[in-house]
Structures are given as structure tokens and as C-alpha cells.
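Single-structure report; data block below.
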Amino acid sequence: MKIFRNARLRKQPGLHDILVDGEKTVRIAPAGRLEPAPEERDLQGRLVSAPYVESHIHLDYVYTAMTPEEETKSGTLFEAIDRWADAKNSLSKEEIKERAMRGIRQEMRNGVQYIRTHVDVTEPKLTALKALLELREEMKDRLYLQLIAFPQEGYYAYPGGDELVEEALRLGADVVGGIPHYEFTRELGEKSVKKAFALAEKYDRLVDIHCDETDDPQSRFVECIASEAYYTGLGSRATASHTCAMGSYSNAYAFKMMSKFKKAGINFVSCPTENCCLQGRYDAYPRRRGLTRVDELVKAGINVSFAQDSISDPWYPLGDGNLIHQVDFGLHLAHMMSLEEISCGLDFITENGARTLHIEESYGLKEGGPANFIVLDAGSEMEAIRKRAGVLLSVRNGEIIMEKTPSKLVRDI
């Protein structure tokens, strides 16, 4: 048994002690109430949280910013897709695994223990999927990894894309993906959404679709996702990622849809740094921010999570896997800057992400649950976000899997 003493728990007053026995959290009690244990650690009032959840990334793309030898000139989503299409067929399974593992390590160093990654399956050999399936098995004791069969070039714009998605599900992908705004026509986009939900029902999978990742206010595939989620009964098992076009919808349409989203029970994922980088590229001034209506979705009681999306790939040359940066950007860009909104900011990369991945029952720091948690270099949620606090300790199934030394000022001014 071991005790982590003097922890500051999220949304709870005072300090607490956490008793861990093997892989389980046995008891959480006010500081000083627990009898001594063979192994103890004093957290000195630092903030303890459930681990971060990465709800949207492309691990098969990480560290490929220079794979197409020239950078994406326009900075747009569609040029990056075209450049990737030219490069991906030359990649090997070993090379993809090596880069993906680098990305996983980078995220785990920053407190992530749960990852949902899209994997491009519009490639006949399904090389990337096979690489990530192997990594999922190899990392299962240290990381929860969820794989999305993602047709980057479309179900129908890419010949046989729908068949490759289904084959990926047969091989073991956890989630059905899609990208309706990349299909040739509105009709084919709608058809791809329906196909995604049909496959999810057939194989008992979740759904996560790249949706309306454009500034075009006429791109409204999110209504198709809500409709399919509602009528199939998949509800909260379905996620709409990006939905950037919502920032350009008329208020009349947007607010009509809020009640539909709530009724359907779908989740939303926003990738703040990437969305504001790729969108607004055709604007003069004022330029649109590229984010979905995060604040209005939250006010409507709809689940929204923030995610990294890319780490140095053709879509986004930066990114370091530190999700607290996404919280910082997201709160700023969404004008969610009240004290209450900031104090709840970590929800976007913890509980909300867990709901998106549909793992709520096994997630969270609670008595009787898995001993999975992280320790931040901060004494409160406000301080953590204001200072972009780093993660000092990551505990998985009762064992410390990552530890850092707090940064110290050597010489003051």
C-alpha cells in the first residue's frame, strides 16, 4: 500500500490523502486521517487530477511536417490533404510505429493516459492501421489507445474508401470515422455519414466524424450526424469533430440546432490551435477564428472536449502534445474568460474527453476505481491554467510511469 498525501483535488476544498493498494484507489480522505502506509509521498498541496484525455489526434501523421518536401503554401486543410496523399504510400509500418511512439511518449510526458487517434485508411495496404494496432497492443498496460478508421480522402472521393473503412473495422479499429465535407457533392457527403452510422451499428462501434472543417456556412453535415445519432439510437456514442463552419452559421440556424444536438446527445471536439491555424485563410479582415461555438455548446449542456489534433505534420507544423495549451487557446478564442469558466477549464481535457471516448465508468479519481491520476505543478485549477502548469507525476494502475522535477528559479531579478 502507498499513500499520496496532501493532494489538492479538483473542485474540492482542503487537502486530501489518497490510499492506493495495487492498481486500485482504496480510499480518499481529508489530509491526516489515514494511518501510515509502508510507502508515502507528500504532494505538498499540489493539484491532483484524473489523467488528461487526448480526444483527437493523428498519430500516423506526427513528425511528418517535412515529408512533403515543401511546406503547405496556402496553409489550408485541402492543400495539406493533397500533399499527404502524395507522400503516405511510401511510408513503412516500422517508420509509422516509430513516429507514433514518439508522439505517444510526448503526450504521456504531459499527463495523457488516454488517446483517441484517427488513422488514415485510404491506402490499400492499411499500413498505418496495422502499425497502430500493434502499438495499441504493446502499450495496453500503460496507455488506453482508441483507433478510428478514418478515410482521409473520403468514402467515395477515394475509390473503394468505404470498403477500406469496413476492412479496418474487421481488423480491429474501435471507431468509425468520416469526412463528408471532402466528398465531391453534398449528396455524397450525406451518403458517407449514413454509411458511417450503418457500419457503427453493424460492428458495434463508436462514431467520430471530421465534420464541416471549413469556413463555408453552407457546410452543414453536423445536422446529418445529429439526425443519424438520434434515429439510430447511437446518441452519445457519436462525435462531431471540428465543426468549424458553425462559427459562420447564422444565429437563427445555429440556435435551432443546439436543441437538436442536445436531443441527439452527440459530443463535439474542438482543436483550438489547429482550427485557428487552418481556418480563415481566405478571409481578408476581419478574419474568423475557426473555432466551433464552444461557449454556446457548453451553455446548452452539450459535451465539448479540446484536443491537440497534430504534432508537426502537413496540417500544423507545431504542437507538443501538452493539452493545457489547448485549454489556454480554447478559453481565449471562445471568450470563456470568467473566473468560473477558467476554473472549469480542465474539464475539456479530462471528464469531457472521457465522455467523448465513452469510458466514463472506468475513468476518474474515485474510491474503488483504478489508481490513475496526475499531479500538476500548481496549487489550484486557476493557477494551473494561468501558468500553463506542467505535470510532475503520472500514476497508472498505482505505479508511477512518469516523473519530472519542478522547475526552480536559480537566480532572481
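Counting heavy atoms from C-beta outward, I115 and L143 have side chains that approach closer than 4.5 Å. Looking at M402 and V391, their side chains come closer than 4.5 Å, going by heavy atoms from C-beta outward.
Note that CG of L19 and CZ of R5 are 9.0 Å apart. Values are rounded to the nearest 0.5 Å. Atom CD of Q326 sits about 8.5 Å away from atom CZ of F306, to the nearest 0.5 Å. For the atom pair CG of L346 and OG of S49, the computed distance is 6.0 Å after rounding to the nearest 0.5 Å. To the nearest 0.5 angstrom, L171 atom CG is 10.5 Å from L164 atom CG.
Classification of E190 and K194 as a salt-bridged pair fails, no side-chain N sitting under 4.0 Å from a carboxylate O. In summary, K11 and E381 do not engage in a salt bridge, as defined by a charged side-chain N under 4.0 Å from a carboxylate O. Salt bridge K140/E137: present, at least one basic N to carboxylate O contact under 4.0 Å. Contact check on K97 versus E138 returns a salt bridge, with a Lys/Arg side-chain nitrogen under 4.0 Å from an Asp/Glu carboxylate oxygen. For R136 and D174, the salt-bridge test passes: some basic side-chain N is under 4.0 Å from an acidic carboxylate O. Salt bridge status for E134 with K130: absent, with no side-chain N to carboxylate O gap under 4.0 Å. Under 4.0 Å is where a charged nitrogen must lie from a carboxylate oxygen, and between E223 and K260 no such pair does. Between D215 and R289 no salt bridge is recorded (no basic side-chain N to carboxylate O distance below 4.0 Å). Taking the charged nitrogens against the carboxylate oxygens, D212 and R220 have no contact shorter than 4.0 Å, which rules out a salt bridge.
No hydrogens or angles considered: nothing links the side chains of H58 and D313 as a donor-acceptor pair under 3.5 Å. In summary, the side chains of T350 and R10 do present a donor paired with an acceptor at a separation below 3.5 Å, with no hydrogens or angles considered. For S343 and E340, the side-chain atoms include no donor-acceptor pair closer than 3.5 Å. Using modelled atom types, one finds a donor on one side chain and an acceptor on the other under 3.5 Å when comparing S248 with R288. In this model, no donor atom of one side chain and acceptor atom of the other lie less than 3.5 Å apart for Y363 and E351. For the residue pair N303 and T356, a side-chain donor N or O sits within less than 3.5 Å of a side-chain acceptor on the partner. No hydrogens or angles considered: a donor-acceptor pair under 3.5 Å links the side chains of R293 and N251. Side-chain contact annotation: R99 with Y61, donor-acceptor N/O pair under 3.5 Å absent.
For H210 and H181, the gap between ring centers reaches or exceeds 6.0 Å. Within the 6.0 Å centre-distance limit, the rings of F261 and F268 are counted as a close aromatic pair.
A donor-acceptor contact shorter than 3.5 Å is absent between the side chain of R355 and the backbone of E360. The backbone N or O of D120 lies less than 3.5 Å from a partner atom in the side chain of D60, making a donor-acceptor pair.
Counting heavy-atom neighbours within 6.0 Å of L409 CG, excluding the residue itself, gives a total above 12.
Residues forming a side chain to side chain donor-acceptor pair (under 3.5 Å) with E107 (at least two apart in sequence, or on another chain): none. R8 meets the salt bridge (charged side-chain N to carboxylate O under 4.0 Å, His left out) test with no other residue; sequence neighbours excluded.
R237 pairs with exactly one of N267, T232, D204 by the side-chain hydrogen bond (donor to acceptor under 3.5 Å, both in side chains) rule, that one being D204.
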